Structures are given as C-alpha cells and as structure tokens.
Asks: 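Handing you this structure, nothing more for now.
In this text, all values refer to a predicted model and were calculated from it rather than measured experimentally. Order of the sequence lines fixes the chain letters, A, B, ..., with proteins taken first and strands second; residue numbering starts at 1 for each chain.
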2 protein chains.
Amino acid sequence: MEKYKQILVDRGIKPTYQRIKILEYLDKNHSHPTVDMIYGALYKKVPTLSKTTVYNTLDIFREYDLVDVLTITESEIRYEYVLQPHHHFFCKRCGKILDLDVNCVYQEAMCVEGHKIEAIHGYFKGICSECLLKNENVS
Amino acid sequence: MEKYKQILVDRGIKPTYQRIKILEYLDKNHSHPTVDMIYGALYKKVPTLSKTTVYNTLDIFREYDLVDVLTITESEIRYEYVLQPHHHFFCKRCGKILDLDVNCVYQEAMCVEGHKIEAIHGYFKGICSECLLKNENVS
DNA sequence: TTCTAAATTAGAAACTATTCCTAATTCGGT
DNA sequence: ACCGAATTAGGAATAGTTTCTAATTTAGAA
C-alpha cells in the first residue's frame, strides 16, 4: 500500500485510494488485464469503484508512463505495468497473453526509414506451449 | 475486374460483385483501411452495399488468407491485402500507417520459447518522416 | 431458359468497449 | 475545520462490430 502510494507521489500523481489499488493490482497481476478484468477484480474491495475511474486512472498512468497499452487482441485494450521492453505472445486457443524475453534490433534505435520511433510493439500469435501439451494428450 | 474475379475463383471463393469490388479496392489502396473507409469509398459505386457485407467479405478474405488484420490503432481494425511479411509504422501525428521494409529475426521461425508461432506483428509508433519535415518548418 | 436449393446480401437491431457529461465527493493547503 | 480544485461515480451517449432475418442472387439441374 505505502509502496504504491510512494510510486505515485514520486511521479507527481495524487495518490488516491482508487489509484493506489489499481496500481497495486497491475503490479501483482501480469495478466495484461482489460478494464473489465481490473474492475471485476477490484470492485469487491473498493465497492464504490466505477469503470470510469478505471479508465481515468489508466489514462493518467499512461500519461506518466506507468503503464503500457497493448492492442494485441482485436476487441479490447489491455494494460501492463511498465517493465523492461519486451514482446508479447497471444495464444489463440486459451486467450492468454505471455511476456516474451525477446527483443527487437530496433529497440535502441531512434528511427526506421526516416520515421522517428517512440514505441515498438512486437506481437506473436499462435498456440502457447501449455496448450500444445494439452493437444498432444488429445490427439 | 476479371483479374480479381480470377483470384477469388482460384481460392474457391464465390466471386460476387461486392467481393470483387472490395478486393480491387484493397489491392489498389495500400492505406490499411478500416471498414468505414472501404464502405465510404465503395458505396457510391456499389449503391446497395452495406457495411455488413464489408464485414462478411473481410471475414471470408481473412479465412482464405487474402487479407491480414492490423490492430495497430486502438479503436478500430484495419485490413491489408496480403503481400510479403513486413512491419508497420503508425504516425501519431497524421494517423497514417506505413509499410516498413523491416523484418523480424523470427519471421521464419516455427516457435519462440516453446510457443508455436502462426503470425507476427511488428508495430512501430512515432512521427513519420513527412510530419518531421513539416515540424521543422514550424519550429 | 426455367426452376430450385443454397449462399449471399442488406438493413435494422443488438451488443460491447470506450468516452462524455454532470453532480457529488474527496483532497490538500490554508 | 474550511475552501477551491481535482477526482470520482454513474448514467447517457458514441462508435465499431456482430447478430438476426427476410429478400435477393447465385450456380447447377432439369
């Protein structure tokens, strides 16, 4: 609790209860949650919480580079607490999003083909190792 | 017209007028259009066209690997006629999506960290060269 | 060419993620 | 404790997409 409050204060973000709880959730759950997942997990503990607040909070976290936004799936936006730059794997079977310890040649580059790079997203899609194992048992 | 009809027939897709027109549009416009862009461009020439048909058609084209889906922007899906594998650049200023002649070390790989790869998406975001030039004149 | 069954299309309605709006609440400094 | 400013909650609005159903079109058989 204090840890997350401190992180917010250090960045100059007012440490409201809702923001602290959302930040804590993101730090403890590396599942690249959607707004619904965050809301669903927290509204029991923070009964007055509204989805608007989750949206507002994530917008602020984005602005202050506390979270990254993933557009790896087609229907909703996913969020993750900013760590080292890394790529992602989306499993078409179970829907999980996994962090990959893979990085891009351009990670440190300032530009590609004359365009100024501000962010890089590497999305791999397919079947995750866990689902591949399950598949073996079936077929 | 005949060219696109042939492409559809070759793949085993019934070459309806709407499908031919949508395929032609995708081939001639490498702007990674949204459904709205496709609909907006075609409904003048194909007055009875409905958005549902655009959605249906793109779903079929996807199924038959005629188009790729891009989730590079946050609010809508974009489509492109399948060409060589390549990465994309999204300009935060003008909103354009550009093809990059950049490819990934994993492009030919079957898997990463035990996960089976079926598709790779490389999205770069920042300011495109054209906008950078405009900026120079301003500041 | 005509007929028929199956596939496709159009348009409206439904759905869902996100944004917008406004009043009530909370926050931090005084 | 008080006050102005920031934040929050919740409902309404919006936009992209999907679903539903009837009408139309298609391709193949007669």
Asks: To the nearest angstrom, how far is Ile60(A) atom CD1 from dT8(D) atom C1'?
Replies: 11 Å
Asks: Angle class for the Tyr43(B)/Tyr39(B) ring planes (parallel below 30°, perpendicular above 60°, tilted otherwise)?
Replies: parallel
Asks: What is the distance, rounded to the nearest whole Å, between atom OH of Tyr39(A) and atom C1' of dT16(C)?
Replies: 15 Å
Asks: Counting side-chain heavy atoms from C-beta on, which of dT19(C), dG16(D), dT9(C) comes nearest to Tyr55(B)?
Replies: dG16(D)
Asks: Closer than 4.0 Å, any side-chain N/O of Thr16(B) to the OP1 or OP2 of dT9(C)?
Replies: yes
Asks: Expressed in angstrom and rounded to an integer, what is the separation of Lys14(A) atom NZ from dA6(D) atom P?
Replies: 7 Å
Asks: Over how many whole Å does the gap from Leu58(A) atom CG to dT7(D) atom P extend?
Replies: 15 Å
Asks: Heavy atoms under 4.0 Å, any strand shown: does Thr52(B) hit a base, just sugar-phosphate, or nothing?
Replies: base
Asks: Could you tell me whether Lys51(B) and Asp36(B) have a side-chain N and a carboxylate O separated by less than 4.0 Å?
Replies: yes
Asks: When the nearest nucleotide of DNA chain C is assigned to Leu49(B) and to Glu74(B) on a heavy-atom basis, which residue is associated with the more 5' position?
Replies: Leu49(B)
Asks: Under a plain distance cut-off of 3.5 Å, with no hydrogens placed, do His88(B) and His86(B) share a side-chain donor-acceptor pair?
Replies: yes
Asks: Whole angstrom is fine here: how far is it from CZ in Arg19(A) over to P in dA9(D)?
Replies: 11 Å
Asks: Round to the nearest Å and state the distance from Asn56(A) atom CG to dT26(C) atom C1'.
Replies: 15 Å
Asks: Figure out the CD1/C1' separation between Ile20(B) and dT8(C), and round it to whole Å.
Replies: 13 Å
Asks: Looking at every strand, decide which applies to Ser75(B) at a 4.0 Å heavy-atom threshold: base, sugar-phosphate, or nothing.
Replies: sugar-phosphate
Asks: Considering every strand and a 4.0 Å limit on heavy-atom distances, what is the contact class for Lys51(A): base, sugar-phosphate, or nothing?
Replies: nothing
Asks: Could you work out which one of dA10(C), dT8(D), dA17(C) sits closest to the side chain of Asp36(A)?
Replies: dA17(C)
Asks: Assess the side chains of Asp68(B) and Tyr79(B): does a donor N or O sit below 3.5 Å from an acceptor N or O?
Replies: no
Asks: Specify the separation, in whole Å, of atom CZ of Phe61(B) and atom P of dT8(C).
Replies: 12 Å
Asks: If you only use heavy atoms from C-beta on, which nucleotide in dT7(D), dA7(C), dG28(C) is closest to the side chain of Pro15(A)?
Replies: dG28(C)
Asks: Closest approach to the side chain of Glu76(A), judged atom by atom: which nucleotide of dT18(C), dT17(D), dT9(C) is it?
Replies: dT18(C)
Asks: Nearest nucleotide by nearest heavy atom, which residue falls closer to the 5' end of DNA chain D, Val46(A) or Thr34(B)?
Replies: Val46(A)
Asks: Among the candidates dT9(C), dG10(D), dA10(C), find the nucleotide nearest to the side-chain atoms of Ser50(A).
Replies: dG10(D)
Asks: Look at the rings of Phe89(A) and His115(B) and say which category their plane angle falls in: under 30° parallel, 30 to 60° tilted, over 60° perpendicular.
Replies: tilted
Asks: Using a 4.0 Å heavy-atom cut-off across all strands, classify Gln18(A) as base, sugar-phosphate, or nothing.
Replies: sugar-phosphate
